[in-house]
Undergrad: 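Please read through the structure below; I'll follow up with questions.
The first residue of the sequence shown is numbered 1, and numbering continues consecutively from there. No hydrogens, no waters, no symmetry mates; every other heavy atom, side chains included, goes into these values.
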Amino acid sequence: MQNYVYDIDSIRGLNLSLKVPLSLFAYMVDEIYKFTLSYQSAFSLQSMLQIFQRESVPLDTSESEFCINSYVYLIRFVQKNNISAEHLSKWLNENTLVQDDHREYLVKVLQGFDPETVKKVLSLGKLKELKWTVNQYNGDVKYPNLKKLYILLEFHIQDEKGNLQKQIINLTIQEFKMLQMEFKEIGEILRSFM
């Protein structure tokens, strides 16, 4: 990391991530990492800047761009020079203001992946069919008249070898409502990119 130490501008850009919430930081690092490995990631500076703006990150546009580009540069530098996770963590701790949780996440991503692992992650499987039913059970001996509803979700997933697997999940009404809210949020994020 010796060459990197002298690039004060890039270190300032890394320090700007102090203002980025961990969830958004993790998303940014994941997207940059996939992009730098050339796995046809949809990463683009403009879309990342829009997300920063939508999430009300307290950085102006030029600071956000500076921060994102600094992480692109750092991740490329680490990959190109085969920097160890331990060395990267120590360097970030000694030379930047990057928070512990951000630093730990970045190091985990950069130490744990190799191209084959990323390929597997990106091709886990395809959802071929989803079946669902609303069910009712009388499972309480003390209160036999109490009828409880639950939702059964049956996922038929095809893995990268073409084999079909079935996964069944039972959800209470409350759990299903939470799942609905998650899907609604995913839909809203997707609409912002269309």
Side-chain angles (χ1 to χ4, degrees), residues 17 19-37 39-44 46-58 64 68 71 75 85 99-194:
S17 68
K19 298 180 179 181
V20 180
L22 181 59
S23 57
L24 180 54
F25 177 82
Y27 175 76
M28 176 185 77
V29 167
D30 290 345
E31 291 301 298
I32 292 170
Y33 183 77
K34 288 186 281 187
F35 170 71
T36 57
L37 289 178
Y39 281 109
Q40 300 175 343
S41 167
F43 173 82
S44 81
Q46 289 308 313
S47 63
M48 192 63 71
L49 288 171
Q50 288 172 357
I51 293 170
F52 269 52
Q53 190 175 37
R54 191 176 62 243
E55 296 296 319
S56 302
V57 175
S64 295
I68 294 164
Y71 278 94
I75 290 169
Q99 299 110 304
D100 290 347
D101 52 358
H102 287 56
R103 186 178 71 248
E104 287 168 16
Y105 186 83
L106 176 65
V107 170
K108 261 189 221 172
V109 168
L110 292 175
Q111 80 177 353
F113 286 112
D114 60 60
E116 287 307 308
T117 306
V118 174
K119 280 182 190 173
K120 286 177 185 171
V121 168
L122 295 175
S123 62
L124 284 176
K126 294 180 182 175
L127 179 63
K128 300 303 277 184
E129 186 178 9
L130 170 62
K131 295 179 181 178
W132 59 271
T133 55
V134 177
N135 299 299
Q136 186 176 44
Y137 68 90
N138 302 320
D140 198 323
V141 177
K142 285 185 181 178
Y143 307 100
N145 295 329
L146 180 64
K147 294 178 170 57
K148 296 183 179 179
L149 294 176
Y150 68 96
I151 291 94
L152 183 139
L153 299 176
E154 188 176 302
F155 296 89
H156 296 258
I157 300 165
Q158 185 178 40
D159 66 20
E160 67 274 6
K161 295 177 182 172
N163 302 320
L164 276 176
Q165 298 175 6
K166 182 167 70 172
Q167 296 288 329
I168 296 174
I169 301 171
N170 293 315
L171 300 172
T172 64
I173 300 299
Q174 188 59 36
E175 289 170 333
F176 184 73
K177 285 179 181 177
M178 290 174 66
L179 183 64
Q180 271 185 308
M181 289 170 56
E182 293 290 333
F183 279 123
K184 183 179 177 186
E185 188 176 336
I186 291 168
E188 287 169 1
I189 290 170
L190 287 175
R191 277 193 292 278
S192 72
F193 287 102
M194 295 176 179

Undergrad: Measure the spacing between CG of Leu153 and NZ of Lys131 and express it to the nearest 0.5 Å.
TA: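 If I round to the nearest 0.5 Å, the distance is 13.0 Å.
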Undergrad: How long is the span from the CZ atom in Phe155 to the CG atom in Leu127, to the nearest 0.5 Å?
TA: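 Answer rounded to 0.5 Å: 7.0 Å.
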Undergrad: Look at atom CD of Gln180 and say whether more than 12 heavy atoms of other residues, nucleotides or ligands are closer to it than 6.0 Å.
TA: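 Yes, because the 6.0 Å sphere around CD of Gln180 holds more than 12 heavy atoms from other groups.
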Undergrad: Quick one: pull up OH in Tyr105 and CG in Leu110 and give me the separation to the nearest 0.5 Å.
TA: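 Answer rounded to 0.5 Å: 10.0 Å.
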Undergrad: Does Glu129, at its CD atom, have more than 12 non-hydrogen atoms belonging to other residues, nucleotides or ligands within less than 6.0 Å?
TA: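 Atom CD in Glu129 is packed in, count exceeds 12.
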Undergrad: Rounded at 0.5 Å granularity, tell me how far CG in Leu130 sits from CD in Gln167.
TA: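 The CG atom of Leu130 sits 12.5 Å away from the CD atom of Gln167.
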Undergrad: Below 4.5 Å, heavy atoms only, C-beta onward: do Asp100 and Glu104 meet side chain to side chain?
TA: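 Yes, close enough: below the 4.5 Å cut-off.
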Undergrad: Which atom names give the shortest non-hydrogen contact between Met48 and Met28, and what distance separates them?
TA: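 Residues Met48 and Met28, closest heavy atoms: CE-CA, 3.8 Å.
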Undergrad: Side chains of Ile75 and Leu106, heavy atoms from C-beta outward: is any pair under 4.5 Å?
TA: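 Yes - at least one pair of side-chain heavy atoms lies under 4.5 Å apart.
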Undergrad: Provide the closest heavy-atom pair for Gln136 versus Leu149 in the form atom of the first, atom of the second, distance.
TA: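 Result for this residue pair: CB-CD2, 4.0 Å.
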Undergrad: Quick one: does Ser17's side chain have a donor or acceptor within less than 3.5 Å of a partner on Val20's backbone?
TA: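 No, the answer is negative, given that no donor and acceptor are paired below the 3.5 Å cut-off.
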Undergrad: Should the ring pair Phe25 and Tyr71 be called parallel, tilted or perpendicular, given that the plane angle runs from 0 to 90° and is split at 30 and 60?
TA: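 If you compare the ring of Phe25 with that of Tyr71, the planes turn out perpendicular.
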Undergrad: Quick check for you: to the nearest 0.5 Å, what is the distance between Gln165 atom CD and His156 atom NE2?
TA: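 One finds 12.0 Å between CD of Gln165 and NE2 of His156.
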Undergrad: To the nearest 0.5 angstrom, please state how far the CD1 atom of Ile168 sits from the CH2 atom of Trp132.
TA: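 Those atoms lie 16.0 Å apart.
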Undergrad: Taking the side chain as C-beta and beyond, is there a heavy-atom pair between Tyr150 and Glu175 under 4.5 Å?
TA: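 They are not in side-chain contact.
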